[in-house]
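Order of appearance sets the numbers: ligands from 1, and atoms from 1 within every ligand.
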Amino acid sequence: MTAAGPAESPTTLTGGAAPRRYAASQPPDARPTWAQVDRDAIAANVAALKDQAAAPALMAVVKADGYGHGLVPAARAALAGGADWLAVALVEEGRALRDAGVDAPVLVLTEPPPDAAGALLAADLTATVYSPGFTAALDAAAAGAGRRVGVHLKLDTGMRRVGVPQADWRDAITRVRDSAALRLAGLWSHFAVADEPHHPFIAAQAGEFARGLALARSLSADYDMVRPGLAVYGLEPAPGLAAGTPLRPALSWWTRLSLVKRLAAGEAVSYGLRWTAPRTTTVATIPAGYADGVTRRLSNRGQVVVRGVRVPLVGTVCMDQCLVDGDDLPLAAGDDVCLLGEQDGVAVTADDWASWLDTINYEVVCGIGRRVPRVYVGAAGAT
Ligand SMILES: *Cc1c(COP(=O)(O)O)cnc(C)c1O
């Protein structure tokens, strides 16, 4: 033990002032770590995006558990805000919407395995098609069920992830046209650099898409729809990208200090003793850790807000707990801690996390663990 601190001044627990509370509460017997999701913010964001979009229809993307906000409540709030369609990545996500009684049109953005074609149809989801194999499987499943179903053909205009490669567009359109039970109801593509509005590749892809649309026009209705995802939840897909659209983050993430102590200079904390108090200071324990999405890479790096002040996370983030250095703040066990969001006008944003972690804000909200209960406020889409 090299960092145990002076023997005469051991760590002591402190009583501190009365706890400070800011966020909607959890029941007193529940775990005091939760994410608060404002359904009204989601609805208002959808309304603002629809207002600004050049296209008349809006498809709200609710994949990945509504970007961590909760699939069904996010979907209902988006529909309450005026979304015409919903989009998911997986058949399983679409089926969960149906099981919850959501009956709006739902597009599955990616082809599932061919064997899942029947399940997709049974859940009344709309398929995206691009490969000959899945198109044939879906056609057979629809014909077997005695149905004729609309499909959306995804053209690859340059992202080169999924979609029909340019050389195969004519074949793919013809394949749907000549199928027994499929109807071309939509044509769509995906920009590779949508977060850089002035990138020349956007115009190149748009030009390619226009070419594909012209190719398909003899068969298809003109579909005009935008497909926002992250912006639905009030976050900017890239810094400054949503300037002019009044977006409001729907999610904030809260916990409460579980233990507050005074440390003497030289005393170190947590696994590996990777942070040593440089002075006498107040260190507090937070009951949230990497199993909740407070990733271990935030060790000695991130910040949270407590008593309206940004304080640093110190030491190694553990599975269920982490620590902050409160310096001389009058911290008390039970104080509300804002992990993401705003307290007394002081914010910690998903973009802050993204910069600490060298990632994007998308990964931050999608990374909040399943163990963290989502608490819903706001009436939009509530049942
Ligand atoms: C996720 C997704 C979207 C939404 O993307 P955002 O960047 O969150 O707006 C739109 N289209 C497709 C195909 C997607 O996979």
Side-chain angles (χ1 to χ4, degrees), residues 41-42 45-50 52-55 57-71 74-75 77-78 81 83-94 97 105-112 120 125-131 134 151-165 185-197 199 201-202 205-206 208-209 212 223-245 247-251 349-351 354 359-368:
I42 293 175
N45 293 333
V46 166
L49 290 163
K50 196 166 170 173
Q52 292 232 320
L58 184 143
M59 174 183 280
V61 180
V62 295
K63 63 190 175 188
D65 200 26
Y67 291 57
H69 292 63
L71 172 69
D84 305 278
W85 278 72
L86 301 169
V88 294
L90 310 177
V91 172
E92 285 81 353
E93 294 171 329
L97 287 171
V106 176
L107 181 69
V108 181
L109 294 167
T110 318
E111 287 183 350
L120 185 153
L125 308 173
T126 300
T128 294
V129 299
Y130 35 84
S131 74
F134 180 72
V151 297
H152 290 202
L153 185 67
K154 178 168 187 187
L155 301 182
D156 180 3
T157 55
M159 173 96 161
R160 302 188 186 96
R161 181 180 58 176
V162 296
V164 183
L187 202 65
W188 63 277
S189 192
H190 197 46
F191 290 118
V193 282
D195 52 350
E196 298 173 49
H199 198 294
F201 204 65
I202 291 183
Q205 283 193 268
E208 281 304 299
F209 188 69
Y223 237 78
D224 284 310
M225 185 147 62
V226 293
R227 235 172 34 245
L230 191 72
V232 166
Y233 307 94
L235 300 176
E236 286 192 310
L241 202 63
T245 310
L247 298 180
R248 182 150 57 94
L251 183 142
T349 66
D351 290 299
T359 182
I360 53 176
N361 49 7
Y362 290 72
E363 193 178 2
V364 174
V365 284
C366 288
I368 300 173

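By the criterion of a heavy-atom distance under 4.0 Å, both the backbone and the side chain of Arg227 are placed next to ligand 1. When non-hydrogen atoms are compared, ligand 1 lies under 4.0 Å from neither the backbone nor the side chain of Tyr233. The part of Val61 lying near ligand 1 is the side chain, judged by heavy-atom distances below 4.0 Å.
By the 3.5 Å distance cut-off applied to N or O atoms, Pro228 is not counted among the residues near ligand 1. Residue Leu230 places at least one N or O, backbone or side chain, under 3.5 Å from an N or O of ligand 1. Between Lys154 and ligand 1, not a single N/O pair is under 3.5 Å apart.
In terms of protein heavy-atom proximity, atom 13 (C) of ligand 1 is nearest to Trp188 CZ3, 3.3 Å. The nearest protein atom to atom 9 (O) of ligand 1, hydrogens excluded, is given as Gly229 N, 2.9 Å; this is a heavy-atom distance. With hydrogens left out, the protein atom closest to atom 5 (O) of ligand 1 is Tyr67 OH, 3.6 Å, a heavy atom. In this structure, the protein non-hydrogen atom closest to atom 6 (P) of ligand 1 is Tyr362 OH, 3.4 Å. The protein heavy atom nearest to atom 15 (O) of ligand 1 is Lys63 NZ, 2.6 Å. His190 CE1, 3.4 Å is the protein heavy atom nearest to atom 12 (C) of ligand 1.
Between Ile42 and Tyr233, the shortest heavy-atom contact is CD1-CD2, 4.1 Å.
Here Asp156 does not pair with Arg161 in a salt bridge; the nearest charged N to carboxylate O distance is not below 4.0 Å.
Met59 has its side chain out of reach of Asp84: every pair of non-hydrogen atoms, C-beta onward, lies at least 4.5 Å apart. Residues Phe191 and Met159 form no side-chain contact, since every pair of their non-hydrogen atoms from C-beta on lies 4.5 Å or further apart.
The environment of CD in Glu363 is sparse: at most 12 heavy-atom neighbours from other residues, nucleotides or ligands sit within 6.0 Å.
In this structure, the side chain of His69 engages the main chain of Gly66 through a donor-acceptor pair within 3.5 Å.
Looking only at atom types and distance, the side chain of Ser131 has a donor-acceptor partner in the side chain of Glu111 under 3.5 Å away. Judged purely by distance below 3.5 Å, without hydrogens or angles, the side chains of Thr157 and Gln205 pair a donor atom with an acceptor atom.
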